[in-house]
Trainee: 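Okay, here's the structure, questions in a sec.
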Amino acid sequence: MTARIPTLDIRRFDTDREAFVAELGAAYREWGFAGINGHGIAQSQIDGAYDVFKAFFALPEDVKKQYHVPGGGGARGYTAFGVETAKGAQHFDLKEFWHIGREIPDDSTYREVMPPNLWPTEVPGFREHGYGLYQTLDALGSKVLSALALHIGLPEDYFVDKTDFGNSILRPIHYPPITADDIPNERAGAHEDINLITLLVGASAAGLEVKSKQGEWVPFTSDADTIVVNIGDMLQRLTNHVYPSTTHRVTNPPGEQARKPRYSVPFFLHPNPDFVIDVLPSTVTADNPSRYPDAITAQGYLEERLREIKLK
């Protein structure tokens, strides 16, 4: 019997903090993944966002491509089908996507690396629903980070001033119907995420699989009210692999299911661009010596990784 990835009620962070932090930390040490429910995000908010995202992806190709930013590394706006390729993979992923970033003032010191958002005028309510969901998931992610900080002996607010201008991304994704059998591409090839943590809200179909420490691919299809939250490479590096960034993929469904589109909306929570990712002393032990002698800024690390996945 394959072990199941735990789902935990985040309301317990306020009512049963010590036990919740211990259980959440144990889940992430083992899996790098957990389900979060009790988050208070209204299903109507999630549905409203999905509706405008689906409306955008249904637009003609030439309209969507007007929102592509050449040389922008996909940071804002539209990235077409057949571009992103998992690190080390031979074949591109079977998806197209849009990126929404943090709204910051034009005179911000981060403006050079955090450009203004684009908003498709063809889809009424896109900005309202898209950025509303961005802010909601940003707040939930901060709560998860507070619990993880406590688990490794840091102050609860450790991440607050390190993510308040985080270069975080909301990524609505469309995986179009697969019309040919035996293709070598996967909807999303095996990969790890770049950021601190990822929050995945309301994936419309099965397909997400997580690689266990034993090398098994474990399906993780969450209930409708559950948000999947996983560790990214930046947090793995910061915590000296106490929290592993686990390999995962989106598989192609069998038979007729493959002829249906799939939509998902991950939120990639990043630190501020100038945050220095340096191994936390509390995570270095005799059994777990520091794996990263050199520190790197979050922006430097992001650019390195975007080149590897063909977005830069």
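Note that the coordinates shown come from a computational prediction; the quantities given were computed from them, not determined experimentally.
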Trainee: Does L59 belong to the same Ile/Leu/Val/Met/Phe/Trp/Tyr cluster as Y175, with side-chain heavy atoms less than 4.5 Å apart forming each link?
Mentor: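 Yes; tracing contacts between hydrophobic side chains, which count when under 4.5 Å, links both residues.
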Trainee: Show the nearest heavy-atom pair for residues H270 and I194, with the distance to one decimal.
Mentor: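 That closest heavy-atom pairing would be CE1-CG2, 4.4 Å.
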Trainee: With under 30° as parallel and over 60° as perpendicular, where do the rings of F220 and F33 fit, or are they tilted in between?
Mentor: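 If you compare the ring of F220 with that of F33, the planes turn out perpendicular.
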Trainee: Counting N and O atoms only, with roles assigned by atom type, does the side chain of Q45 sit under 3.5 Å from a partner on the main chain of G132, one being a donor and the other an acceptor?
Mentor: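 Between the backbone of G132 and the side chain of Q45 there is a qualifying donor-acceptor contact (under 3.5 Å).
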Trainee: Just how far is it from atom CG of N117 to atom CH2 of W119, taken to the nearest 0.5 Å?
Mentor: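 CH2 of W119 is found 4.5 Å from CG of N117.
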Trainee: Step by step, work out the side chain to side chain contact (heavy atoms under 4.5 Å, CB included) result for V265 and I173.
Mentor: CA-CA 6 Å; V265 183; I173 304 172; over 6 Å; no
Trainee: Mind listing the closest non-hydrogen atom pair of F20 and D9 along with its distance?
Mentor: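 Result for this residue pair: CE1-O, 3.4 Å.
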Trainee: Is the CZ atom of F57 crowded by more than 12 outside heavy atoms at less than 6.0 Å?
Mentor: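 Count over threshold, so yes.
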Trainee: Test of understanding: with ring pair (Phe, Tyr, Trp, His ring centres under 6.0 Å), list the residues that count as partners of F275, not counting sequence neighbours.
Mentor: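 For F275, no residue satisfies ring pair (Phe, Tyr, Trp, His ring centres under 6.0 Å) once neighbours in sequence are set aside.
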Trainee: Who clusters with V279? Use side-chain heavy atoms, under 4.5 angstrom, across I, L, V, M, F, W and Y, and order the result by chain and number.
Mentor: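 Noted: V279 shares its cluster with V284, Y292.
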Trainee: Is E156 salt-bridged to R17, cutoff N-O under 4.0 Å?
Mentor: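 Answer for the salt bridge query: yes.
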Trainee: State, with a plain yes or no, whether a side-chain heavy atom of P271 is found less than 4.5 Å away from one of L196.
Mentor: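 Sidechains of L196 and P271: in contact.
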Trainee: Would you confirm whether Y78, through its side chain, and V69, through its main-chain N or O, come within 3.5 Å as a donor-acceptor pair?
Mentor: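 No; zero donor-acceptor contacts below 3.5 Å.
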Trainee: I'd like to check the ring pair (Phe, Tyr, Trp, His ring centres under 6.0 Å) partners of Y110; sequence neighbours left out, ordered by chain and number.
Mentor: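 Partners of Y110 by the ring pair (Phe, Tyr, Trp, His ring centres under 6.0 Å) criterion come out as none, since no residue qualifies.
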Trainee: Got a sec, which residues hit ring pair (Phe, Tyr, Trp, His ring centres under 6.0 Å) with Y301, two or more places apart in sequence or on another chain?
Mentor: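 Counting only residues at least two positions away or on another chain, Y301 forms no ring pair (Phe, Tyr, Trp, His ring centres under 6.0 Å).
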Trainee: What side-chain hydrogen bond (donor to acceptor under 3.5 Å, both in side chains) pairs are there with at least one residue in residues 159-170, not counting sequence neighbours?
Mentor: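 Output for this query lists D164-N272.
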Trainee: Are I296 and E304 side-chain neighbours, meaning at least one heavy-atom pair lies under 4.5 Å?
Mentor: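 In short, these two side chains touch, coming nearer than 4.5 Å.
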Trainee: Could you grab the distance from atom CD1 of I277 to atom OG1 of T239, nearest 0.5 Å is fine?
Mentor: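 Taking CD1 in I277 and OG1 in T239, the distance rounds to 11.0 Å.
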Trainee: Does any non-hydrogen side-chain atom of I197 lie less than 4.5 Å from one of V229?
Mentor: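 Of all side-chain heavy-atom pairs linking I197 with V229, at least one is under 4.5 Å.
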Trainee: Can you establish whether the number of heavy atoms outside E112 located under 6.0 Å from its atom CD is more than 12?
Mentor: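 No.
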Trainee: For N288, does its backbone N or O pair with a side-chain atom of N240 as donor and acceptor, under 3.5 Å?
Mentor: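 Side chain of N240 to backbone of N288: a pair is present.
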Trainee: Grouping I, L, V, M, F, W and Y whenever their side-chain heavy atoms are under 4.5 Å apart, do I227 and Y263 come out in a common cluster?
Mentor: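 Yes, I227 connects to Y263 through the hydrophobic network.
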Trainee: Under the salt bridge (charged side-chain N to carboxylate O under 4.0 Å, His left out) rule, what pairs show up with a residue in residues 23-43, not counting sequence neighbours?
Mentor: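 Salt bridge (charged side-chain N to carboxylate O under 4.0 Å, His left out) check on residues 23-43 returns R12-E23.
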Trainee: Suppose clustering is done on Ile, Leu, Val, Met, Phe, Trp and Tyr with side-chain heavy atoms closer than 4.5 Å. Which residues sit in the same group as I169?
Mentor: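 The other cluster members (ILVMFWY side chains, heavy atoms under 4.5 Å, direct or chained) are F268.
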Trainee: If only atom types and distance count, is the side chain of R76 paired as donor or acceptor with the main-chain N or O of P115 below 3.5 Å?
Mentor: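 Yes, because the side chain of R76 sits within donor-acceptor range (under 3.5 Å) of the backbone of P115.
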Trainee: Given the rule in the side chain to side chain contact (heavy atoms under 4.5 Å, CB included) test, do L154 and L280 qualify, once you have shown the distances and angles that lead to the verdict?
Mentor: CA-CA 9 Å; L154 297 171; L280 291 163; 3.8 Å; yes
Trainee: According to a hydrophobic-cluster definition based on side-chain heavy atoms being under 4.5 Å apart (Ile, Leu, Val, Met, Phe, Trp, Tyr only), do F165 and L137 belong together?
Mentor: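 Result: no, two separate clusters.
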Trainee: Are side-chain N/O atoms of D233 and S245 paired as donor and acceptor at under 3.5 Å?
Mentor: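 A pair is found: one side chain offers a donor N or O, the other an acceptor, under 3.5 Å apart.
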Trainee: For residues D193 and T198, is any side-chain donor paired with an opposing acceptor at under 3.5 Å?
Mentor: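 Result is yes, a qualifying pair exists.
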Trainee: Once you measure the plane-to-plane angle for Y67 and F56, does it fall in the parallel (<30°), tilted (30-60°) or perpendicular (>60°) bin?
Mentor: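 Because their plane-to-plane angle is over 60°, the rings of Y67 and F56 count as perpendicular.
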Trainee: Tell me if a side-chain donor or acceptor on H174 pairs with a main-chain N or O of P172 at a distance below 3.5 Å.
Mentor: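 Side chain of H174 to backbone of P172: no pair is present.
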Trainee: Test side chain to side chain contact (heavy atoms under 4.5 Å, CB included) on L148 and L235; report intermediate values, then the result.
Mentor: CA-CA 10 Å; L148 291 176; L235 192 57; 4.0 Å; yes
Trainee: Is any side-chain heavy atom of L145 less than 4.5 Å from a side-chain heavy atom of L269?
Mentor: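 Yes, at least one pair of side-chain atoms sits under 4.5 Å.
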Trainee: Would you mind reporting whether L200 and N230 have side-chain heavy atoms less than 4.5 Å apart?
Mentor: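 They are not in contact (no side-chain heavy atoms under 4.5 Å apart), so the answer is no.
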Trainee: Is there side-chain contact between M114 and S108, with at least one heavy-atom pair below 4.5 Å?
Mentor: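 They are not in contact (no side-chain heavy atoms under 4.5 Å apart), so the answer is no.
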Trainee: Does either side chain, that of H99 or that of R171, offer a donor lying less than 3.5 Å from an acceptor on the other one?
Mentor: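 Short answer, yes.
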Trainee: The test is side chain to side chain contact (heavy atoms under 4.5 Å, CB included); show your working for H191 and H248 and say whether it passes.
Mentor: CA-CA 6 Å; H191 66 284; H248 54 287; 3.3 Å; yes
Trainee: Would you say L140 and L170 are hydrophobically clustered, going by side-chain heavy atoms of ILVMFWY under 4.5 Å?
Mentor: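 Result: yes, single cluster for both.
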Trainee: With sequence neighbours left out, which residue pairs that include part of residues 283-300 fulfil the salt bridge (charged side-chain N to carboxylate O under 4.0 Å, His left out) condition?
Mentor: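 Residue pairs with at least one partner in residues 283-300: there are none.
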Trainee: Would you give the length of the straight line joining atom CD1 of I5 to atom CG of L208, rounded to the nearest 0.5 angstrom?
Mentor: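 One finds 7.5 Å between CD1 of I5 and CG of L208.
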Trainee: Nearest 0.5 angstrom please: D47 CG to H129 NE2, how far?
Mentor: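 With rounding to 0.5 Å, CG (D47) is 10.5 Å from NE2 (H129).
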Trainee: Are any of the side-chain heavy atoms of T7 and I36 separated by less than 4.5 Å?
Mentor: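 A side-chain contact under 4.5 Å is absent here.
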Trainee: Check W31 against S212 and note the closest heavy-atom contact, atom names and distance.
Mentor: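 Scanning both residues, the minimum pair turns out to be CZ3-CB, 3.8 Å.
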Trainee: How far apart are the closest heavy atoms of A149 and Y158, and which atoms are they?
Mentor: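 Distance-wise, the nearest heavy atoms are CB-CB, 4.3 Å.
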Trainee: My understanding is that only residues two or more places apart in sequence, or in another chain, count here; which of them pass side chain to side chain contact (heavy atoms under 4.5 Å, CB included) with A295?
Mentor: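 Expected list: V276, D278.
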Trainee: For residues Y131 and I100, report the shortest heavy-atom separation together with the two atoms involved.
Mentor: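 Taking every non-hydrogen atom into account, CD1-CG2, 3.9 Å.
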Trainee: Test of understanding: clusters of I, L, V, M, F, W, Y form through side-chain heavy atoms closer than 4.5 Å, transitively. Do L118 and V113 belong to the same one?
Mentor: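 The answer is no; the residues belong to distinct hydrophobic clusters.
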Trainee: Please report the interatomic distance OG1(T226) to CG(N37), rounded to the nearest 0.5 Å.
Mentor: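 Here the interatomic distance stands at 4.5 Å.
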Trainee: Please give me the minimum heavy-atom distance between A34 and A27, naming the atom from each residue.
Mentor: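 For A34 and A27, the tightest heavy-atom pair comes out as CB-CB, 4.3 Å.
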Trainee: Could you give all pairs that pass the salt bridge (charged side-chain N to carboxylate O under 4.0 Å, His left out) test and reach residues 59-72, with sequence neighbours left out?
Mentor: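 Those involving residues 59-72 are E61-K64, K64-E96.
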Trainee: According to the side-chain hydrogen bond (donor to acceptor under 3.5 Å, both in side chains) rule, which pairs have a member within residues 139-150, sequence neighbours left out?
Mentor: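 Found D14-K143.
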Trainee: Side chains of Y243 and H241: closer than 4.5 Å at any heavy-atom pair?
Mentor: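 Counting from C-beta outward, Y243 and H241 never come under 4.5 Å.
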Trainee: Which distance, rounded to the nearest 0.5 Å, do you find between the CZ of R307 and the CD of E303?
Mentor: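 If I round to the nearest 0.5 Å, the distance is 6.5 Å.
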Trainee: Flag this pair as yes if the NZ/CZ of R249 is under 6.0 angstrom from the six-membered ring centre of W217 and inside a 45 degree cone about the axis; otherwise no.
Mentor: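 Ring-cation test returns yes.
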Trainee: Mind jotting down which residue pairs meet the salt bridge (charged side-chain N to carboxylate O under 4.0 Å, His left out) criterion with at least one end in residues 125-140? Sequence neighbours excluded, please.
Mentor: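 Every pair satisfying salt bridge (charged side-chain N to carboxylate O under 4.0 Å, His left out) with a residue in residues 125-140: R102-D138, E103-R127.
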